[in-house]
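Quick caveat: nothing in here was measured; it's all calculated off a predicted structure.
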Amino acid sequence: MVELRPHQKRASDWIVESVASGSRILALQMATGRGKTLAVLHAFWRLSLEHGVERMFVFTRTRNEYEPYVRDVRKFELPFRVAYLYAKEDLCANPSAKGALSEGGEFANPCRACPLFGSALPPDEVLDAISSGWDFVEYAKDLRKCPYYSLKAAIPRAEVVALTYPYGFTWRSNVIAGLYDDPFALRSSFAVVDEAHNVEKSVPDLYSTTLTADDASRAHAVLVESGLDDDARELKPLISWLKKAASSEEKHIPKDKLPRPQINELAIEDVIGLLSIQIFGARGREREEIRRDISALSRVLRLYRYVDVPNSELFTHPRGVRLRMMLPTVPVRRFYEAFGAVLFMSGTMPPTDHLEKVWGVKCRFFDADRGAGTWGRKRAILFADLTSRYEERDEMIPRMARAIAKILDVTRNDGVRLVVYPSYDFMRKVLSQEPGLRDGAFVEEERAARSKITDIAAMAVRGDVTVVHAVAGGKLTEGVEIVDGNGRSLIRHVVLAGVPYPEVSEYMRIKSEMIRKITGRDPFRYAYHVPASLAARQAIGRAVRREDDEATVWLLDSRFTRFRGELGIEAWQRITTRELDRMTEAGRGCHFGGRLL
């Protein structure tokens with residue numbers, strides 16, 4: 001077995017000892033780059049040998065976040081077979097079915113009409129292809145086999161199973177449990193939730209949905225055409241109500257105000273099923289119309305399926321209403337009750353009181369970084385005269401844009417510069433002030449394709465991108481590695497253009513009130529401070545991927561002094577924008593006046 005570094009061994013030993021002593025819910029904090037993936041795999045190896053744990057399930061927000069597990073099993077020749085699974089619509093090899101799957105979700109099942117249905121590869125061939133490092137999806141497509149059903153069938157044969165969050169926290173968990181003959185298979189398994197700081201936002205998003213008056217009207221028309229006149233008639237009051245409820249200003253709506261039509265959900269699911277099959281024979285505009293019909297019917301069903309889930313609330317939408325889950329408590333509880341032992345793990349775990357109060361998780365916590373020495377070298381430069389505070393933004397945005405432009409100018413020969421904003425709207429406003437900020441830069445888009453995001457590292461290595469503008473908590477500050485061939489970060493400077501507090505909104509007001517009722521305290525810490533701290537730490541972590549990485553962190557908000565003990569930065573210096581104007585470039589560093597904090 002591979003030899004672990006001291007901090008990896010401490011983490012592995014702690015996991016094994018905790019599970020062996022009967023602890024069922026664990027939380028591990030270990031900096032990215034310190035090898036937590038290998039530490040967990042090693043712990044599972046010992047649990048399987050010493051305590052009869054049969055398999056390990058790994059859950060990540062995105063599929064690129066579980067790829068290190070597949071890679072490390074192969075790299076270190078660990079005695080495990082690995083299987084993985086992600087969204088059916090992303091694995092689908094048939095373009096005709098993708099639209100139905102992406103829009104219909106749990107209600108659409110076009111697979112039976114697909115010529116690849118039932119054409120799964122043998123499980124052992126699937127596992128061999130994965131262990132060989134092949135692109136299995138392309139491999140299956142080349143053989144005219146279904147990637148989804150091939151991977152799904154291989155899961156019971158694997159010791160390590162990597163899955164995206166929906167397979168652990170939504171109805172899709174039943175898909176996994178149903179693969180095993182033993183109804184208690186999950187109870188004898190070890191589950192890992194990696195990058196667990198994402199749980200608080202990503203899991204509630206899985207239960208959020210929007211329904212517009214146009215959606216309901218279209219659903220009504222489809223039901224009439226399908227002969228379900230009684231169900232169509234039930235939607236009439238809902239359509240009128242949605243038109244009245246629509247508002248460009250977000251407002252909370254008590255759930256008892258929502259009309260409750262007496263619809264036959266099974267009959268509507270049958271209609272979605274028929275449409276999912278019809279989409280195969282359709283072309284062009286006809287296919288698009290069927291896709292929209294599936295979407296409309298699915299949105300109606302989804303709203304009424306999720307509206308009574310605890311901690312969910314209704315809000316206005318410009319064309320209807322939006323259902324949002326406020327806290328992840330219920331899905332998280334269902335998750336950890338399904339497995340024998342669960343490990344929540346991240347380089348930036350929320351504190352234990354936050355886990356207990358906001359997630360409803362009482363756990364055993366271990367910080368593997370404590371006492372393990374400094375990880376990378378970081379210094380902070382804090383601007384005393386800048387802030388992203390809402391009431392000062394109109395004045396501050398031009399000044400912040402000028403400060404960012406100056407920072408990019410004096411650091412232009414010093415690696416990749418990552419500029420992180422509190423929100424997409426704030427980023428757009430800052431960039432509009434100084435057109436030159438986009439020169440040689442990659443700007444994160446709110447709905448950017450995965451392929452576009454993962455290309456950034458290659459672009460940075462080639463020198464095509466030297467500046468990255470991103471949003472805290474977005475795709476570029478979570479799980480995307482911008483490193484060279486040796487794993488060293490290409491990012492030398494991180495500019496935090498404001499404290500990444502959650503946007504002030506009606507949603508946050510209701511969430512804060514909910515937290516106040518749970519804790520009996522001022523909710524600011526749980527609703528705003530902790531999320532902002534985690535987002536800032538994640539952004540800074542993009543620049544430190546190895547022990548010898550160095551980075552300068554530019555803090556463009558005086559309020560960052562509140563986070564000094566949390567960001568993992570030893571050397572802090574305070575300056576003003578006037579001192580920044582006198583800054584000069586000098587080799588790989590920047591020399592300027594300023595005061596140590």
*For residues Ala539 and Leu496, report the shortest heavy-atom separation together with the two atoms involved.*
CB-CD2, 3.9 Å
*Between CG of Asn198 and OG1 of Thr60, what distance do you get to the nearest 0.5 Å?*
9.5 Å
*Between Ile176 and Ile155, is any pair of side-chain heavy atoms under 4.5 Å apart?*
yes
*In terms of side-chain heavy atoms, does His7 have a donor or acceptor partner in Asp369 at a distance below 3.5 Å?*
no
*asked:* Is there a side-chain contact between Pro166 and Leu206 in this structure, where contact means two heavy atoms from C-beta onward sitting under 4.5 Å apart?
replied: yes
*asked:* If I take atom NZ from residue Lys429 and atom CD from residue Gln433, how far apart are they, to the nearest 0.5 angstrom?
replied: 10.5 Å
_Tell me if the aromatic rings of Phe44 and Phe190 count as close, with their centers under 6.0 Å from one another._
no
*Would you mind telling me which of Phe344, Phe365, Tyr526 makes a ring-ring contact (aromatic ring centres under 6.0 Å, His included) with His354?*
Tyr526
*Are the charged groups of Arg488 and Asp548 less than 4.0 angstrom apart, N to O?*
yes
*asked:* Parallel, tilted or perpendicular, judged at 30° and 60°: which one describes the rings of Tyr528 and Phe524?
replied: parallel
*No-hydrogen, no-angle side-chain donor-acceptor test under 3.5 Å, Tyr165 and Glu195*: no
*asked:* Nearest 0.5 angstrom please: Ile15 CD1 to Lys36 NZ, how far?
replied: 11.5 Å
*Ser202 side chain to Val199 main-chain N or O, any donor-acceptor pair under 3.5 Å?*
no
*Going through the checks in order, is the side-chain contact (heavy atoms from CB on, under 4.5 Å) test met by Leu476 and Phe442?*
CA-CA 10 Å; Leu476 283 171; Phe442 181 95; 3.8 Å; yes
_Tell me the closest heavy-atom pair linking Ala11 and Phe366, and the distance in Å._
CA-CE2, 4.0 Å
*Should the pair Glu481-Arg545 be classified as a salt bridge under the 4.0 Å nitrogen-to-oxygen rule?*
yes
*Any luck finding a side-chain donor-acceptor pair between Tyr424 and Glu444 under 3.5 Å?*
yes
*With a cut-off of under 6.0 Å to the ring centre and 45° to the axis, is Arg172 in cation-pi contact with Tyr167?*
yes
_A quick test of your reading: do over 12 heavy atoms of other residues, nucleotides or ligands sit less than 6.0 Å from NZ of Lys201?_
no
*Over all atoms of both residues, closest heavy-atom pair of His197 and Ser346*: ND1-OG, 2.7 Å
*Would you confirm whether the ring centroid of Phe59 sits within less than 6.0 angstrom of the ring centroid of Tyr66?*
no
_Test item: Ser489 side-chain N/O and Arg542 main-chain N/O as donor-acceptor pair under 3.5 Å_ = yes
*Only one of Glu550, Glu570, Glu547 forms a salt bridge (charged side-chain N to carboxylate O under 4.0 Å, His left out) with Arg377, so which one is it?*
Glu550
*Point-to-point distance, once rounded to the nearest 0.5 Å, from CD of Glu392 to CD of Glu395*: 6.5 Å
*asked:* With a sphere of 6.0 Å drawn around CD of Glu391, does it hold more than 12 non-hydrogen atoms of other residues, nucleotides or ligands?
replied: yes
*Mind checking whether Val416 and Val467 have side chains closer than 4.5 Å, heavy atoms only?*
no
_SB check Arg525 Asp353 (cutoff 4.0 Å)_ = yes
*Answer yes or no: is there a donor N or O on one side and an acceptor on the other, between the side chain of Asp409 and the main chain of Ala405, under 3.5 Å?*
no
_Distance-minimising heavy-atom pair for Met349 and Ala196_ = SD-CB, 3.8 Å
*asked:* Tell me which one of Leu382, Thr387, Leu386 satisfies side-chain contact (heavy atoms from CB on, under 4.5 Å) with Asp557.
replied: Thr387
_Main-chain N/O of Gly35 paired to Gln8 side chain as donor or acceptor, under 3.5 Å_ = yes
*Does NZ or CZ of Arg324 come closer than 6.0 Å to the centre of the six-membered ring of Tyr507, within 45° of the ring's axis?*
yes
*Apply side-chain contact (heavy atoms from CB on, under 4.5 Å) to the pair Ile404 and Tyr421, showing each step before the final yes or no.*
CA-CA 11 Å; Ile404 294 170; Tyr421 303 85; 3.9 Å; yes
_Under a 3.5 Å distance rule, please check whether Glu250 uses its side chain to pair with a backbone N or O of Glu506 as donor and acceptor._
yes
*Could you tell me whether a side-chain N or O of Lys141 sits under 3.5 Å from a main-chain N or O of Pro147, the two making a donor and an acceptor?*
no
*For residues Val495 and Leu418, determine if any side-chain heavy atom of one lies less than 4.5 Å from a side-chain heavy atom of the other.*
no
_If you compare all heavy atoms of Met325 against all heavy atoms of Leu327, which two are closest, and at what distance to 0.1 Å?_
CG-O, 3.3 Å
_Gap separating the CZ atom of Phe136 from the CG atom of Leu127, nearest 0.5 angstrom_ = 9.0 Å
*asked:* For Thr62 and Asn64, which I'm curious about, is there any donor-acceptor pair between the side chains at under 3.5 Å?
replied: yes
*Spacing of Thr352 atom OG1 and Lys357 atom NZ [to the nearest 0.5 Å]*: 10.5 Å
*Salt bridge between Asp549 and Lys378, side-chain N to carboxylate O under 4.0 Å?*
no
*Check whether the side chains of Thr477 and Gln538 place a donor and an acceptor atom closer than 3.5 Å, and report yes or no.*
no
*Non-hydrogen side-chain atoms of Met56 and Phe80 separated by less than 4.5 Å*: no
*Under 3.5 Å, is there a donor-acceptor pair between the Asp194 and Tyr69 side chains?*
yes
*asked:* So Pro350 and Leu534, do their side chains get closer than 4.5 Å, heavy atoms only?
replied: yes
*Sub-3.5 Å donor-acceptor pair from the side chain of Ser512 to the main-chain atoms of Met508, do we have one?*
yes
*What's the verdict on side-chain contact (heavy atoms from CB on, under 4.5 Å) for Val420 and Val471, showing C-alpha distance, side-chain angles and the deciding distance?*
CA-CA 5 Å; Val420 181; Val471 171; over 6 Å; no
*How far apart are the C-alpha atoms of Leu343 and Val40, what are their side-chain angles, what is the distance that settles it, and do they pass the side-chain contact (heavy atoms from CB on, under 4.5 Å) test?*
CA-CA 9 Å; Leu343 172 68; Val40 168; 3.9 Å; yes
*For Asp385 and Thr577, does a side-chain donor sit closer than 3.5 Å to a side-chain acceptor?*
yes
*Kindly say whether Gly415 contributes a backbone atom to a donor-acceptor pair with the side chain of Arg417 at under 3.5 angstrom?*
yes
_Check against side-chain hydrogen bond (donor to acceptor under 3.5 Å, both in side chains), Ser132 and Arg74_ = CA-CA 8 Å; Ser132 299; Arg74 182 169 60 249; over 6 Å; no
_Minimum-distance pair of heavy atoms, taken over all atoms of Thr348 and Arg537_ = CA-NH2, 3.3 Å
*Any donor and acceptor pair, going by atom type alone, linking the side chain of Glu579 with main-chain N or O of Thr576 inside 3.5 Å?*
yes
*Using a distance-only test with no angle check, is there a side-chain donor-acceptor pair under 3.5 angstrom linking His493 and Thr411?*
no
*His469 (side chain) donor-acceptor with Ala441 (main chain) under 3.5 angstrom*: no
*Do Glu67 and Arg71 sit within salt-bridge range, that is, some charged N less than 4.0 Å from a carboxylate O?*
no
*For the residue pair Tyr501 and His529, is the inter-centroid distance of their aromatic rings smaller than 6.0 Å?*
no
